[in-house]
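Below, read A as the first sequence line, B as the second, and so on, with proteins coming before strands; counting in each chain starts at 1.
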2 protein chains.
Amino acid sequence: MSEKFQRDLLRGSLDLMVLSVVAGEPQYGYLIQKRINLASDGQVKLPAGTLYPLLHRLESEKLIRSKWDSSTGRKRKWYEITAKGKKRLTVQVNQWNQYAECVSSLIGGLTS
Amino acid sequence: MSEKFQRDLLRGSLDLMVLSVVAGEPQYGYLIQKRINLASDGQVKLPAGTLYPLLHRLESEKLIRSKWDSSTGRKRKWYEITAKGKKRLTVQVNQWNQYAECVSSLIGGLTS
DNA sequence: CACCTATATATCGTCCGGCTATACATAGAG
DNA sequence: CTCTATGTATAGCCGGACGATATATAGGTG
């Protein structure tokens with residue numbers, strides 16, 4: 001029940017979250033997973049079955065690009081954001097802010 | 001493209017928005033649609049094909065209840081929130097606030 | 001050695017739900 | 001009489017999050 005809520009919340013903001021993590025510096029999947037979990041205080045547990053297909057999708061949309069590399073330890077697929085990805089991120093951040101404001105105004109004083 | 005983003009954003013927050021609108025005073029579908037559109041400054045255009053199935057779902061979950069009434073003009077289906085709906089609303093408002101804070105922290109200074 | 005856990009990526013199938021398209025009905029304006 | 005706004009409803013499509021599952025390796029423990 002409560003889990004389902006988070007699942008749906010993710011749908012609109014997951015691209016945004018992953019893009020913003022990758023935008024900082026190159027990341028690989030498992031690290032992104034940990035970063036988001038940490039940043040959310042353990043609230044957002046991003047399953048591998050969600051994360052990897054998502055990364056593939058973002059790459060197919062040319063928002064990120066990848067290369068395999070073993071020189072920093074284990075064999076990992078590193079992702080970095082593209083110029084197109086940066087543009088998209090900017091747009092989505094603005095949309096998120098507007099949207100969040102709209103929801104806040106609707107729920108009004110109900111915050112408890 | 002941009003529309004798709006809003007579509008997914010809705011998934012996690014639409015129940016919440018509709019419940020919070022109905023929580024104020026009894027509403028009928030078409031009015032809810034207008035209220036949300038207005039509150040979002042025209043950004044959220046809730047299609048009828050989204051709204052009515054949603055209302056049916058909320059009613060089947062006993063979060064709202066309905067009755068037909070013509071005394072205030074045209075024949076309309078009025079919805080009011082139930083006790084169960086109020087409880088759910090409280091929970092979802094809290095979840096939304098936590099989640100929004102999490103996303104904000106991830107996107108950090110990127111706000112433009 | 002065997003076993004276990006953490007690390008690391010990948011894919012299949014299911015399920016959910018928002019949206020387009022379509023339908024139907026009435027009130028008011030032109 | 002037509003056109004637009006109002007008002008509700010449903011069928012079917014489709015994208016995407018997720019559980020389950022698979023595979024591989026590094027490091028620690030008994």
Worksheet item: For residues B:Ser13 and A:Tyr99, is any side-chain donor paired with an opposing acceptor at under 3.5 Å?
Response: yes
Discussion item. Looking at B:Arg76, I'd like to know whether one of its side-chain N or O atoms comes within less than 4.0 Å of OP1 or OP2 on D:dG7.
Written reply: yes
Worksheet, complete the sentence: Which of B:Leu31, B:Ile32, B:Leu38, B:Asn37 passes side-chain contact (heavy atoms from CB on, under 4.5 Å) with B:Arg35? It is B:Leu31
Discussion item. Without decimals, in angstroms, what is the distance between A:Tyr30 OH and C:dA10 P?
Written reply: 15 Å
Item to complete: Quickly work out the A:Ile32 CD1 to C:dA8 P distance and round it to whole Å.
Response: 12 Å
Worksheet item: Want to settle it: does B:Leu10 or A:Trp78 sit nearer the 5' end of DNA chain C, counting the closest nucleotide to each?
Response: A:Trp78
Discussion item. Regarding A:Gly49, tell me which of base, sugar-phosphate or nothing describes its non-hydrogen contacts under 4.0 Å with the strands shown.
Written reply: base
Worksheet item: Roughly how far, to the nearest 0.5 Å, is NZ of B:Lys62 from OG1 of B:Thr82?
Response: 9.5 Å
Worksheet entry | Shortest side-chain distance from B:Lys77, nucleotide among D:dT8, C:dA10, D:dA17 | D:dT8
Worksheet item: Taking atom C1' of D:dG15 as reference, at what distance in whole Å does atom CG of B:Asp8 sit?
Response: 7 Å
Worksheet item: OP1, OP2 of C:dT11 versus side-chain N and O of A:Tyr52: anything below 4.0 Å?
Response: no
Worksheet item: Is there a donor N/O on one and an acceptor N/O on the other, under 3.5 Å, for the side chain of A:Arg7 and the base of C:dC16?
Response: no
Discussion item. Nearest heavy atom decides the nucleotide; on that basis, is A:Gly12 or A:Ala48 closer to the 5' end of DNA chain D?
Written reply: A:Gly12
Worksheet item: B:Pro47 side chain: which of C:dT20, C:dA10, C:dT9 is closest?
Response: C:dT20
Item to complete: Would you indicate which nucleotide in C:dA10, C:dC19, D:dA17 comes nearest to any side-chain atom of B:Leu46?
Response: C:dC19
Practice prompt. Name the closest nucleotide to the A:Arg11 side chain, picking from D:dG7, D:dA17, C:dG18.
Written response: D:dA17
Discussion item. Counting only side-chain nitrogens and oxygens, does A:His56 get under 4.0 Å of the OP1 or OP2 atom of C:dT9?
Written reply: no
Fill in: Over 12 non-hydrogen atoms of neighbours within 6.0 angstrom of CD in A:Glu101
no
Worksheet item: To the nearest angstrom, how far is A:Gln33 atom CD from C:dA6 atom C1'?
Response: 12 Å
Item to complete: Specify the residue among A:Thr50 and A:Lys75 whose closest nucleotide of DNA chain C lies further upstream toward the 5′ end.
Response: A:Lys75
Worksheet item: Taking only N and O in the side chain of A:Lys34, is any of them less than 4.0 Å away from OP1 or OP2 of C:dA6?
Response: no
Item to complete: Please determine which of A:Glu59, A:Arg76, A:His56 meets the side-chain hydrogen bond (donor to acceptor under 3.5 Å, both in side chains) test together with A:Ser66.
Response: A:Glu59
Practice prompt. Return the minimal non-hydrogen interatomic distance between B:Ile81 and B:Leu63, and the atom names on each side.
Written response: CG1-O, 3.5 Å
Worksheet item: Could you give the CZ-to-P distance, from A:Arg74 to D:dA26, as a whole number of Å?
Response: 7 Å
Item to complete: Would you kindly give the CG-to-C1' distance between A:Leu55 and D:dA17, to the nearest whole Å?
Response: 14 Å
Worksheet, complete the sentence: Atom CG of B:Leu51 and atom C1' of C:dG18 are separated, to the nearest Å, by 12 Å
Practice prompt. Rounded to the nearest angstrom, tell me the gap between atom CD in A:Gln27 and atom P in C:dT7.
Written response: 15 Å
